[in-house]
Amino acid sequence: MKFISDVKLLLKITQEYVNAQFTIAFSAIFSLLFLLYSFNFSEGVWRPYIVVFFAIYIGTTIYVWLTSLLIKKDLAKHRELTKRTRLLGIPLILTIFVGNVFAAGFGFMLATKNKTAEYTFAVYAFMTQIFIILISGFNLFKPYVVDTFVLAMGGFILLALLYLAAAVLIAKFVTVDTAPKWMLPLGIFLLIPTLTGNFFSLLLGITLIRNARNADPSAVEKWQKTWNKILRNTMAVFGLFFIVFMFSLSVVSSWTFDYDFAVENNYAVLLQTPTLEYPLGTDNFGRDLFSRIVFGAQISLIVGFCATIIPAIIGGALGAISGYYGKNTDNIIMRALDILYAIPGILLAIAIIAAFGANTTNLIIALSVGAIPTYARTMRANVLQISNYEFVESARALGANDRSIIFKHIVPNALAPMIVKATLTIGGAVISTSSLSFLGLGIEPHIPEWGNILKVGSTYLESHSYLAIFPGLCIMLLVLSFNFFGDGLRDALDPKSN
C-alpha cells in the first residue's frame, strides 16, 4: 500500500513539474516572437509596447524555470511540494493580464493542493473571462464604441470576480467526490453565464450540482474519471481553452465591438500599421483588421460546427441502419456512399458552390455532403460490433422494436468514437472554409471571414505582412486547438485505457 501511495504522490508532483517545463517552452517561444516583432524593419524603429511585453515574457520564463528547480528539489528531498514553493505560483497568476495563459494556468495549479476538476473549470472560466475583457478593452482607444460597451464590460468584470471567488471556495471546501450542500445554488447560478459562450461555466455548474446533490456515485465517478484524464493532458486543456475563448468572444463581440469598423471603408487610414486605435493595423480599404478577425471567428466557428454536426447526424443515422440490418440494406447504403466517397471533398464543395452560388448556407451544405460517408463508415463499424452484445439480445427478447434498439440502446453506446472523430474533423472544416473563401468560392468577399482576410493580406506580404500573418495565426491556432482537444478526448474515451 505504501508503494502505491508513493507512486501516486510521485505522479502528482511529476505532473506539476511537467507543466512547468511546458510553461517554460511556450513562454520562451512567445518571448522570441515578441522580440522579432518588437522592431519595425520598414521604419527602422523599435515598438516600445512590444518590447515591454518581451521583457515581461522573458522574465516570466526565467521565473518559472527557477520555480521548476525548487519543485525538483522538493520532490527529491520532501517527496511533496512545500508551502513556500506553492506560494511562488501566486505571482504567476498576474501574468494573465499580459495574456500569458500558460504561466497563469501553471500558477493557479501550483498554488493549491486541491486540484479537482471543479477547480480547474473555475480557473479556466476566470481566465477566459479575463481574456475577453482584455481583448474588448482595446476598443477604448477607438473614436467611438457601441452603446452596450460599458454595461457589457461591467458584466464581464463581475463574472470574472465570480469565477475567481468560486475557484477560491472550491479549493477550500470541495473534494474529488463531494461538495457542500450550500454550493448547490452557486452551481445552478453558474449555468446562467453559459449564455456568454463560456463553456467552462457550464462544466463548473454541472460538476458542482452533481457533487452537492450527492448524485449516483458510479455516474459521478465515471464523469470525474473522464474529465480527470482530459485535464491531465496539458495540450488538450489549452486546446479547449482557446476553443472556448474564441467561441465566447464570438458570442459577446456584438456587445463590445462595432461591426462598422470591420466592414465600412475608411480611406483616411489605408494600410495603417498597428497602433493602439488599430491594434492589428488596417487593410487596403481602411477597415480595422482587429475587428475583422474577431467577427471573422463567428463565421469560421459556425461553418466549422455546422459542417461537422450535420454530416455526423446524417452519416451516423445511415451507418447505424446499415450496420444493424446488414445484407441488402447495408449494400445499398454503403455502395451509394462509396460513390460519394470517391469524389474528392474539396472538388465536390467547389461544384456545389459553383452551381448554387457562394454564401454561408451553401458553403455549409457543400462541406457537409462530402463528409457524410466517413461518419457513416465509423458508425457502421461500431454498430456491427455492438449489435452482438448481450444487452441488445436482451432488448430483442423483451420485445423492443428495431427503432428502439438502434437509437436507444446501440447508438448511445457507439457515440464515443463519433464524438472524437467530430472533434478532430472540425479543424479540417475550418481550413476548408478558409480555403474556399481564399479562392473566392466561400463567404462573400466583403464579409469578415478569416479566409477572405487572408486573401487580401496575401497581396501585401512584402510591404504589409501583418495583414496575412494575423489571420493565418488565428486559423492555425484554432485548428491546432481542435486537434489537441480531440487527441485528449480520444485518449480519455478509449476503452483500452479504461
Side-chain angles (χ1 to χ4, degrees), residues 16-35 37-38 48-71 74 81-115 119-138 140-141 153-172 198 200-201 204 231 234 237-238 241-242 244-245 248-249 276 279:
E16 291 174 327
Y17 182 72
V18 170
N19 287 343
Q21 303 304 309
F22 176 86
T23 304
I24 292 170
F26 273 84
S27 292
I29 291 171
F30 276 87
S31 299
L32 179 60
L33 292 176
F34 279 123
L35 178 62
Y37 192 65
S38 62
Y49 297 108
I50 307 300
V51 173
V52 171
F53 271 83
F54 163 73
I56 294 173
Y57 269 69
I58 196 66
T60 301
T61 304
I62 297 171
Y63 183 89
V64 175
W65 175 69
L66 294 174
T67 303
S68 70
L69 295 180
L70 288 176
I71 294 174
D74 288 347
L81 297 186
T82 62
K83 185 177 180 180
R84 178 196 61 184
T85 302
R86 292 198 178 279
L87 289 175
L88 294 176
I90 296 177
L92 289 172
I93 295 174
L94 299 177
T95 59
I96 187 65
F97 295 104
V98 292
N100 195 338
V101 63
F102 311 104
F106 171 66
F108 270 111
M109 296 306 151
L110 181 63
T112 180
K113 292 181 179 180
N114 190 22
K115 289 181 281 293
Y119 177 76
T120 305
F121 294 148
V123 165
Y124 281 96
F126 169 74
M127 292 198 295
T128 300
Q129 208 62 47
I130 291 296
F131 263 58
I132 291 172
I133 293 171
L134 294 176
I135 294 294
S136 300
F138 277 106
L140 287 172
F141 298 101
M153 289 293 283
F156 296 159
I157 293 172
L158 290 177
L159 282 178
L161 293 175
L162 172 65
Y163 294 138
L164 183 60
V168 173
L169 291 174
I170 289 168
K172 189 173 182 180
N198 196 334
F200 288 113
S201 183
L204 175 58
L231 297 177
T234 307
V237 172
F238 282 112
F241 167 77
F242 189 75
V244 173
F245 163 64
S248 185
L249 183 62
L276 287 177

Give the C-alpha distance, both sets of side-chain angles, the deciding distance and a yes or no for side chain to side chain contact (heavy atoms under 4.5 Å, CB included) between Leu33 and Phe54. CA-CA 8 Å; Leu33 292 176; Phe54 163 73; over 6 Å; no

Is there a side chain to side chain contact (heavy atoms under 4.5 Å, CB included) between Phe53 and Phe30 once you walk through the steps? CA-CA 10 Å; Phe53 271 83; Phe30 276 87; over 6 Å; no

Using side chain to side chain contact (heavy atoms under 4.5 Å, CB included), reason through Lys115 and Leu231 one step at a time and then give a plain yes or no. CA-CA 10 Å; Lys115 289 181 281 293; Leu231 297 177; over 6 Å; no

Intermediate values then yes/no, side chain to side chain contact (heavy atoms under 4.5 Å, CB included), Val123 and Met127: CA-CA 6 Å; Val123 165; Met127 292 198 295; 4.0 Å; yes

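The distance from the CD atom of Gln21 to the CH2 atom of Trp65 is 10.5 Å, given to the nearest 0.5 Å. Residue Ile170 holds its CD1 atom at 10.0 Å from CZ of Phe121, rounded to the nearest 0.5 Å. Atom CG in Leu159 sits 12.5 Å away from atom CG in Leu164 (nearest 0.5 Å). Here the straight-line distance linking atom CD1 of Ile133 with atom CZ of Phe138 works out to 13.5 Å at 0.5 Å rounding. Taken to the nearest 0.5 Å, the OG atom of Ser31 stands 10.5 Å off from the CD1 atom of Ile56. Atoms CZ and CZ, on Phe156 and Phe131 in that order, are 15.5 Å from each other to the nearest 0.5 Å.
At least one side-chain heavy atom of Tyr63 sits less than 4.5 Å from a side-chain heavy atom of Leu88. The closest side-chain heavy-atom distance from Gln129 to Leu162 is not below 4.5 Å. Side-chain contact between Val64 and Phe102: absent, with no pair of heavy atoms (C-beta onward) separated by less than 4.5 Å.
Remark: side-chain polar atoms of Arg86 are paired, donor with acceptor, to backbone N or O of Leu110 under 3.5 angstrom. Between the side chain of Thr85 and the main chain of Leu81, no donor-acceptor pair closer than 3.5 Å is present. Under the 3.5 Å distance criterion, the side-chain polar atoms of Tyr49 are left unmatched by any main-chain donor or acceptor of Leu276.
Residues Thr95 and Ala103 share a closest heavy-atom pair of OG1-CB, 3.5 Å. The two residues Leu204 and Ala166 make their nearest non-hydrogen contact at CD2-CB, 4.4 Å. The nearest pair of heavy atoms linking Ile58 to Ala55 is CG2-O, 3.3 Å.
Ring geometry for Phe241 versus Phe245: interplanar angle under 30°, hence parallel rather than tilted (30 to 60°).
Ring centers of Phe22 and Phe238: under 6.0 Å apart, within the cut-off. For Phe108 and Tyr124, the ring centers sit 6.0 Å or farther from each other.
Judged purely by distance below 3.5 Å, without hydrogens or angles, the side chains of Tyr119 and Thr112 never pair a donor atom with an acceptor atom. No hydrogens or angles considered: nothing links the side chains of Ser248 and Asn198 as a donor-acceptor pair under 3.5 Å.
By the side-chain hydrogen bond (donor to acceptor under 3.5 Å, both in side chains) test, Ser27 is found to be paired with Asn100, residues two or more places apart in sequence or in another chain being considered.
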